[in-house]
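These figures come from a predicted structure and were not determined experimentally. Side-chain atoms are counted along with the backbone in the values below, which use heavy atoms only and exclude waters and symmetry mates.
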Amino acid sequence: MIGTFRSEAIGVHHSLQSLQQRLANDGLAELLNLDRLSSTAVETIIVELSGAGEEVLPLAKRLYHETEGIFLSDGDRQSSL
């Protein structure tokens with residue numbers, strides 16, 4: 001199972017932080033810190049996944065601007081686009 005959360009989006013006393021720590025202490029979870037995507041990475045992903053080539057670069061640039069390199073998922077910041 002994979003679970004994700006943004007540490008900057010939740011406080012240090014949030015239940016997800018304590019759950020992650022308990023699971024790690026029991027050897028049941030491993031924390032992986034992922035860096036934000038670069039603007040080039042977001043552009044590459046959007047161009048390749050869209051199949052529309054460089055026509056989607058303006059969209060890719062906007063997505064990078066809106067997400068600050070934290071890529072979109074279902075329901076994630078979509079209302080701000």
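No single ILVMFWY cluster, assembled from side-chain heavy atoms under 4.5 Å apart, contains both Leu23 and Leu31. Both Leu57 and Leu49 belong to a single network of hydrophobic side chains, linked directly or stepwise wherever heavy atoms of I, L, V, M, F, W or Y lie under 4.5 Å apart.
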Candidate pair Ile70 and Leu34, rule side-chain contact (heavy atoms from CB on, under 4.5 Å), full reasoning: CA-CA 9 Å; Ile70 301 174; Leu34 303 176; over 6 Å; no

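Evaluation of the side-chain hydrogen bond (donor to acceptor under 3.5 Å, both in side chains) test over residues 15-32, restricted to residues two or more places apart or in two chains, returns Gln21-Asn25. Sorted by first and then second residue, the salt bridge (Lys or Arg N to Asp or Glu O under 4.0 Å) pairs with a member in residues 37-52 read Glu43-Lys61; sequence neighbours excluded.
The CG atom of Leu37 sits 11.5 Å away from atom CG of Leu63, with the distance rounded to the nearest 0.5 Å.
Partners of Val56 under the side-chain contact (heavy atoms from CB on, under 4.5 Å) rule, at least two apart in sequence or in another chain, are Ile46, Val47, Ser50, Ala52.
The two residues Val42 and Tyr64 make their nearest non-hydrogen contact at CG2-CD1, 3.8 Å.
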